[in-house]
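Notes follow once the structure below has been shown.
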Number of protein chains: 2
Amino acid sequence: MRRDIFQAIADPTRRSILTLIAVQAMTPNALAEHFDSSRQAVSKHLKILHECELVSQEQRGREVYYSLEIDKMKEIDAWLAPFRQIWEKRLDQLDALLINLKHEQHEK
Amino acid sequence: MRRDIFQAIADPTRRSILTLIAVQAMTPNALAEHFDSSRQAVSKHLKILHECELVSQEQRGREVYYSLEIDKMKEIDAWLAPFRQIWEKRLDQLDALLINLKHEQHEK
DNA sequence: TAAATTTGCAACCAATCGGTTTCAAATCAA
DNA sequence: TTGATTTGAAACCGATTGGTTGCAAATTTA
């Protein structure tokens with residue numbers, strides 16, 4: 001199965017799971033309470049998130065605690081970086097424009 | 001059709017399209033040359049990207065130039081922001097740890 | 001030990017996805 | 001005007017998705 005992080009975060013339930021476990025590790029049962037779908041559905045989402053290493057498991061008795069692998073999230077940030085440069089550049093250009101405008105007003 | 005940016009960037013071809021038109025506006029034909037799939041397939045990807053406002057169109061004669069809507073990309077960044085805080089915080093904690101270690105060594 | 005709880009897996013299903021081919025409309029060039 | 005080019009839409013297709021139910025294994029509790 002071809003899994004990548006972008007496909008993983010495409011689903012809104014999976015994005016919510018990531019947000020929830022960012023605060024603290026949770027079990028599938030505890031997570032399922034936050035959604036309308038069944039525990040098994042949540043379990044399948046967790047499997048996908050685990051396959052692309054966005055979450056890690058810790059077995060504790062018969063319970064399994066899932067926590068966020070924050071380093072993997074950085075890969076999304078890395079893809080976004082060049083685009084961020086574009087809007088930051090445009091912001092810089094706007095700044096330059098405003099400074100120019102100020103100068104012009106000063107010269108009046 | 002339920003379109004959102006996260007579903008839009010889930011497909012690798014669509015991510016490539018965004019990267020290509022970030023440099024300069026391009027027509028569907030020009031874009032299609034960069035991929036193995038047909039022009040019509042690329043056109044369908046462009047339709048999806050347009051539906052969720054990640055790209056804009058500019059008709060010029062019989063050609064249509066597609067360009068990136070950089071502001072929409074910020075929405076991905078906005079979703080990522082709280083997670084970024086987590087890894088920056090952890091980096092801060094590591095910094096603090098290293099500073100502590102330095103102090104200890106100094107006291108020796 | 002027996003019953004209850006927690007979890008993951010398999011089988012199934014309707015809907016969606018990404019691709020194709022075909023076709024029609026609009027614009028440009030000869 | 002006629003033919004070529006560019007584009008988008010429609011119909012179709014196999015694969016994938018996200019959901020369900022049922023079941024089995026492992027662990028905890030009574």
Side-chain angles (χ1 to χ4, degrees), chain A residues 1-21 24-69 72 76 79, chain B residues 1-21 24-69 72 76 79:
Chain A
M1 288 177 198
R2 197 131 315 277
R3 300 282 184 217
D4 74 281
I5 36 170
F6 294 100
Q7 198 208 355
I9 64 164
D11 183 85
T13 303
R14 287 199 287 270
R15 286 201 301 280
S16 296
I17 289 175
L18 291 175
T19 303
L20 283 166
I21 64 171
Q24 59 176 347
M26 292 177 80
T27 65
N29 257 334
L31 278 166
E33 285 174 17
H34 290 80
F35 305 102
D36 289 332
S37 54
S38 69
R39 177 195 60 79
Q40 284 91 334
V42 172
S43 227
K44 280 177 81 171
H45 284 308
L46 284 169
K47 192 187 175 189
I48 289 167
L49 291 171
H50 187 66
E51 271 172 11
C52 61
E53 297 173 304
L54 272 166
V55 307
S56 57
Q57 304 173 319
E58 193 204 343
Q59 189 97 29
R60 221 180 295 171
R62 71 184 155 188
E63 290 180 331
V64 179
Y65 283 82
Y66 285 86
S67 33
L68 181 65
E69 279 297 308
K72 200 70 182 178
I76 303 163
W79 177 76
Chain B
M1 287 177 197
R2 197 132 311 281
R3 301 279 185 218
D4 73 281
I5 35 170
F6 294 100
Q7 198 208 352
I9 63 164
D11 183 83
T13 302
R14 286 197 289 268
R15 286 200 301 279
S16 296
I17 290 174
L18 292 175
T19 304
L20 283 166
I21 64 171
Q24 58 177 348
M26 292 176 79
T27 65
N29 257 336
L31 277 166
E33 284 174 18
H34 289 81
F35 304 101
D36 290 331
S37 55
S38 69
R39 176 194 60 79
Q40 285 89 338
V42 172
S43 226
K44 279 177 80 169
H45 284 307
L46 284 169
K47 191 187 176 189
I48 290 167
L49 291 172
H50 186 67
E51 272 173 12
C52 62
E53 299 172 303
L54 272 167
V55 307
S56 57
Q57 304 172 320
E58 191 204 345
Q59 189 97 28
R60 222 180 296 171
R62 69 184 157 191
E63 289 180 332
V64 179
Y65 284 81
Y66 285 86
S67 35
L68 180 66
E69 279 297 309
K72 201 68 181 181
I76 304 163
W79 177 75

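Residue numbers begin at 1 in each chain, while the letters A, B, ... track the order of the sequences.
Heavy atoms only, all atoms of each residue included: A:Arg15 and A:Ile9 are closest at NH1-O, 2.7 Å. The shortest non-hydrogen separation linking A:Ile17 to A:Leu46 is CG2-CD2, 3.9 Å. Contact between A:Glu69 and A:Glu53 at its shortest, heavy atoms only, is CB-O, 3.4 Å.
In terms of phosphate contacts, A:Arg14 brings no side-chain nitrogen or oxygen within less than 4.0 Å of OP1 or OP2 of D:dT17. The phosphate of D:dG19 has OP1 or OP2 within less than 4.0 Å of a side-chain N or O from A:His45. The phosphate of C:dT20 has OP1 or OP2 within less than 4.0 Å of a side-chain N or O from B:Ser38. Not one side-chain nitrogen or oxygen of A:Gln57 sits closer than 4.0 Å to the OP1 or OP2 atom of C:dT7. Taking 4.0 angstrom as the limit, A:Ser43 places a side-chain polar atom (N or O) nearer than this to OP1 or OP2 of C:dG8. A:Gln7 has a side-chain polar atom (N or O) that falls below the 4.0 Å cut-off from OP1 or OP2 of D:dT17.
Comparing C:dC9, C:dG8, D:dG19 against the side chain of A:Lys47 picks out C:dC9 as the nearest.
We find that CD of A:Glu51 is positioned 13 Å from P of C:dG8, with the value rounded to whole Å. The separation between B:Asp4 atom CG and C:dC17 atom P is 11 Å, rounded to whole Å. One interatomic measurement links the two molecules: CZ of B:Phe6 to C1' of D:dT17, which rounds to 19 Å at whole-angstrom precision. Rounded to an integer number of Å, the gap from B:Lys44 NZ to D:dC13 C1' is 10 Å. At whole-Å resolution of the value, CG in B:Leu49 and C1' in D:dT7 are 17 Å apart. The nearest whole Å value for the distance from the NE2 atom in A:His50 to the P atom in C:dC9 is 10 Å. As rounded to whole Å, 9 Å separates atom P of D:dG19 from atom CD1 of A:Ile17. Distance B:Asp11 CG to C:dT16 P: 18 Å, rounded to the nearest Å.
Atom CD1 in A:Ile76 sits 8.5 Å away from atom CZ in B:Phe6 (nearest 0.5 Å). One finds the CG atom of B:Leu20 at 5.0 Å from the NE2 atom of B:His34 (value rounded to the nearest 0.5 Å). Taking NZ of B:Lys72 as the start and OG of B:Ser56 as the end, the distance is 12.5 Å to the nearest 0.5 Å. Rounded to the nearest 0.5 Å, atoms NZ (B:Lys44) and OG (B:Ser37) are 11.0 Å apart. Expressed to the nearest 0.5 Å, how far CD of B:Gln57 lies from OG of B:Ser67 amounts to 9.5 Å.
Applying the side chain to side chain contact (heavy atoms under 4.5 Å, CB included) test between B:Arg14 and each of B:Val42, B:Leu49, B:Leu54, B:Thr19 identifies B:Leu49 as the sole match.
Using a 4.0 Å heavy-atom distance criterion, A:Tyr66 is classed as a sugar-phosphate-only contact.
Fit an axis to the five pairs at each end of the helix from C:dT1-D:dA30 to C:dA30-D:dT1 and the two axes sit 20° apart, to the nearest 10 degrees.
Residues A:Ile5 and A:Trp79 form no side-chain contact, since every pair of their non-hydrogen atoms from C-beta on lies 4.5 Å or further apart. Using a 4.5 Å cut-off on side-chain heavy atoms (C-beta onward), B:Val55 and B:Leu18 make contact.
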Whether each nucleotide of nucleotides 22-30 of chain C has a protein heavy atom under 4.0 Å at its base (B), only at its sugar-phosphate (S) or at neither (-) is summarised, 5' to 3', as B----BB--
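Using modelled atom types, no side-chain atom of A:Arg3 and backbone atom of A:His50 make a donor-acceptor pair closer than 3.5 Å.
A heavy atom closer than 4.0 Å to some atom of DNA chain D occurs in B:Thr27, B:Pro28, B:Asn29, these being the qualifying members of residues 26-36 of chain B.
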